[in-house]
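See below for the structure under consideration.
So you know, we letter chains A, B, ... as the sequences are listed, proteins then strands, and number each from 1. Computed over heavy atoms, backbone and side chain alike; hydrogens, waters and symmetry mates excluded. Because the structure is predicted, anything quoted here is derived from the model rather than measured.
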Amino acid sequence: MNAIQSIRGTKDILPNESHKWQILEATAREISSSFGYRELRTPIFEKTEVFSRGVGDGTDIVNKEMYTFNDKGNESLTLRPEQTAALVRSVIQNNLLQENPVTRLYYIGQYFRYERPQKGRLRQFHQFGIECINSPYPESDAEVIMLAINFIKRLKINDYRLLLNSIGNEESRKNYKTALVAFLTANKDGLSEDSRNRLDINPLRILDSKATNDIDIVKNAPIILDFLDEESQLHFNTVKSLLDSVGIKYDINPLLVRGLDYYSHTVFEFQSTHLGSQDAFGGGGRYNGLFTELGGKDTPAVGFAMGMERLLLILEQLNGDMNKQYQVDAMVIPTDAKHIELAMQVHNLLVDSHTCIVELNRRSLKAQLREANKLGVRYALIIGDDEANKNAVTIKYMAEEKEQKLIQINDLLNNLE
RNA sequence: GCGGAUGUAGUUCAGUCGGUAGAGCACCAGAUUGUGGCUCUGGUUGUCGUGGGUUCGAGUCCCAUCAUUCGCCCCA
């Protein structure tokens, strides 16, 4: 029989790696709580229309990358490719906006996209994100970015860039699209094949094409910031000055557009040079249209998501190997199988105060001490014939050349230094 | 979905011109029968990613397939 392998693009997080995930998750939770955000957990799968309507029918995510299947009741279900649409579904369904004028939520979870795996891109991947719901004002955009920056800082990532742009409200964007399409159509012959195809479907995406001839053409293209109406402009300017006032640095990049349909006004992205071609480790923006798209009341919202695998790639380049061997305080060492009962009793004495393990393979004293040494155990609690006869243990301090012989087990806890 | 590279013990890798596999580390066991690290000695481990083909003979050559990886695309 062949051994079974994990699915392509999925990864086991092994015991010596889980430590760094725990750090990352703990940091995300601390920052979120300290800003007054509470966790929302939604199911891993949803009705397909949550994403086809929420993420947008024209996007690659919906068209090519979703894990969609029919269940036994012949209903089309989809493994969530991102969180925002499902979160909005839950907020609407559970009336979470009843209680608070502004609802602040965060999430940590796994997401699924059928893509070609490469560094920093898996088919099952993890994201941490937040959503600030029900404020139309630029101060909520600024709060979300401020939270993200503080998260990044707390992780001690200092080599990153915040790219910022506004794609305006619907009307500004419509006017801009018309101008952009007109310009690009006039230069159609010079565009890459991909971009010519996108001209009808999603012309904004041509702006961040990596094809060199596209880049040359786009240099002279009209700029969205020139098409913002008064409202959109005021919103964007306020976001910028709020960021300035708390000392957050950003680069305006008028070519930054997001891949998902629901964005409007502020869009932003975090990039790092440590990631190769998948250089964005986080991104977000405002999505005022999503609630009505999913059948809720018109509700403004803004949020971001970060790719946790990518964050860990950055952290490892900054800090080296973050794996940590597990720490054991004490090891109970019966020299013979007949002392196992006493060994278990000693273990039971220590459970509330120490990490403790007992030999389960009846190996020799020597083998057990070797393991104790390898694990960096502080106390080896040796139980041989002499000890067992007196209901006692010998405490051997591994780091020092020191032993306390024949300590009664009633006194053991008092005697551990 | 497209293009390039790679796949040999637990791990990192070597393996010539085709002749059915090796090293370091790790692991296990010993070095006058109750004591780890250092040293020494010995030992285990592989369907050579998988399936076909060529050949007297394939880790080596050919094809397919799976996986990893680097780009494209897309995104976090």
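Counting any heavy atom pair closer than 4.0 Å across all strands shown, A:A380 reaches no nucleic acid atom. When heavy atoms are screened at a 4.0 angstrom cut-off, A:G120 is found touching base atoms of the nucleic acid. Residue contacts shown for A:E387 include a base, since a base heavy atom lies under 4.0 Å away. Note on A:E403: a base of the nucleic acid sits closer than 4.0 angstrom, heavy atoms only. Counting any heavy atom pair closer than 4.0 Å across all strands shown, A:F304 reaches no nucleic acid atom. If you check every strand for non-hydrogen atoms under 4.0 Å, A:L311 touches nothing. Residue contacts shown for A:I7 are absent, as no nucleic acid heavy atom lies under 4.0 Å away.
Rounded to whole Å, the distance from CZ on A:R205 to C1' on B:C72 is 14 Å. Between the OH atom of A:Y262 and the P atom of B:C75 there is a distance of 11 Å, rounded to whole Å. Between the C1' atom of B:U35 and the NZ atom of A:K405 lies a distance of 9 Å, rounded to the nearest Å. To the nearest angstrom, P of B:A76 lies 8 Å from CD of A:E82. Atom CZ of A:R123 and atom C1' of B:C75 are 15 Å apart (whole Å). Taking atom CG on A:D208 and atom P on B:C72, their separation rounds to 12 Å, with Å as the unit. Regarding A:D194, its CG atom lies at a distance of 11 Å from the C1' atom of B:G1, rounded to whole Å. Separating the CZ atom of A:R362 from the C1' atom of B:A29 is a distance of 20 Å, rounded to the nearest angstrom.
Annotation: A:I7, atom CD1; neighbour count of heavy atoms from other residues, nucleotides and ligands within 6.0 Å does not exceed 12.
Sorted by first and then second residue, the pairs that involve residues 119-159 of chain A and meet ring pair (Phe, Tyr, Trp, His ring centres under 6.0 Å), not counting sequence neighbours, are A:W21-A:H126, A:F128-A:F151, A:F128-A:F304. Sorted by first then second residue, the ring pair (Phe, Tyr, Trp, His ring centres under 6.0 Å) pairs that include residues 331-358 of chain A, not counting sequence neighbours, are A:H354-A:Y379. Residue pairs satisfying the salt bridge (Lys or Arg N to Asp or Glu O under 4.0 Å) criterion with at least one member in residues 384-395 of chain A, sequence neighbours excluded, are listed as follows: A:K338-A:D385. Screening residues 175-187 of chain A for side-chain hydrogen bond (donor to acceptor under 3.5 Å, both in side chains) gives no qualifying pairs among residues at least two apart or on separate chains.
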Distances for protein N or O near nucleotides 3-12 of chain B N or O, under 3.5 Å:
| residue | atom | partner | partner atom | Å |
| --- | --- | --- | --- | --- |
| B:G3 | O6 | A:R116 | NH2 | 3.4 |

Using nucleotides 36-38 of chain B, report all nitrogen or oxygen pairs with the protein that are shorter than 3.5 Å.
| residue | atom | partner | partner atom | Å |
| --- | --- | --- | --- | --- |
| B:G36 | N1 | A:M398 | O | 2.5 |
| B:G36 | N2 | A:N373 | OD1 | 3.0 |
| B:G36 | N2 | A:M398 | O | 3.0 |
| B:G36 | N3 | A:N373 | OD1 | 3.3 |
| B:G37 | O4' | A:N373 | ND2 | 2.9 |
| B:G37 | O6 | A:E401 | OE2 | 2.6 |

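The ring pair (Phe, Tyr, Trp, His ring centres under 6.0 Å) test applied to A:F69 returns no partner, not counting sequence neighbours. With sequence neighbours left out, the salt bridge (charged side-chain N to carboxylate O under 4.0 Å, His left out) criterion links A:K174 to no other residue. Checked against salt bridge (charged side-chain N to carboxylate O under 4.0 Å, His left out), A:D194 has no partners two or more places apart in sequence or in another chain.
Using modelled atom types, no side-chain atom of A:T10 and backbone atom of A:S6 make a donor-acceptor pair closer than 3.5 Å. The backbone N or O of A:N134 sits nowhere less than 3.5 Å from a side-chain atom of A:T299 that would complete a donor-acceptor pair. Side-chain N or O atoms of A:E359 include none that pairs as donor or acceptor with a backbone N or O of A:I333 at under 3.5 Å.
An aromatic stacking contact between A:F281 and the base of B:A76 is absent, as defined here by ring centres under 5.5 Å apart and ring planes under 30° from parallel.
In this structure, of B:U35, B:A67, B:C72, it is B:C72 that holds the atom nearest to the side chain of A:R121. Comparing atom distances between the A:R363 side chain and each of B:C28, B:A76, B:G34 picks out B:C28 as nearest. The nucleotide whose nearest atom lies closest to any side-chain atom of A:I61 is, among B:C75, B:U35, B:C70, B:C75. Distances were taken from every side-chain heavy atom of A:L365 (C-beta onward) to each of B:G34, B:U69, B:C73; the shortest belongs to B:G34.
Under the Watson-Crick or G-U wobble criterion, with both distances below 3.5 Å, B:C2 is paired with B:G71. Base-pair partner of B:A23: B:U12 (Watson-Crick or G-U wobble, both distances under 3.5 Å). Figure legend. B:G7 is base-paired to B:C66; pairs are counted as Watson-Crick or G-U wobble with both atom distances under 3.5 Å. Under the Watson-Crick and G-U wobble criteria, each requiring two contacts below 3.5 Å, nucleotide B:C48 is left unpaired. Under the Watson-Crick and G-U wobble criteria, each requiring two contacts below 3.5 Å, nucleotide B:U60 is left unpaired. In this entry B:G30 has B:C40 as its Watson-Crick or G-U wobble partner, both defining distances falling under 3.5 Å.
Atom name P, nucleotides B:U12 and B:C72: the rounded distance is 27 Å, in whole Å. When the P atom is used for both B:G37 and B:A29, the distance is 12 Å, rounded to whole Å. Between B:U45 and B:G10, the two C1' atoms lie 8 Å apart (nearest whole Å). Rounded to a whole angstrom, the distance from the C1' atom of B:U8 to that of B:A23 is 13 Å. As rounded to the nearest Å, B:A14 and B:C61 have P atoms that lie 15 Å from one another. B:C25 sits 9 Å from B:C40 when the P atoms are compared, rounded to a whole Å. Comparing B:U11 with B:U50, their C1' atoms sit 22 Å apart, to the nearest whole Å. Rounded to whole Å, the separation between the C1' atoms of B:G59 and B:U47 comes to 12 Å.
If you look at A:Y262 and A:Y287, their ring centroids are closer than 6.0 Å. Checked against the 6.0 Å centroid criterion, the rings of A:Y250 and A:F268 do not qualify as a close aromatic pair.
Residue A:L406 is the one, among A:K11 and A:L406, whose nearest nucleotide of RNA chain B lies closer to the 5' end (criterion: closest heavy atom). Each of A:G284 and A:G9 was assigned the nucleotide of RNA chain B with the nearest heavy atom; the assignment lying further toward the 5' end belongs to A:G9.
Listed pair A:Q368 / B:U35 fails the phosphate criterion, with no side-chain N or O lying under 4.0 Å from OP1 or OP2.
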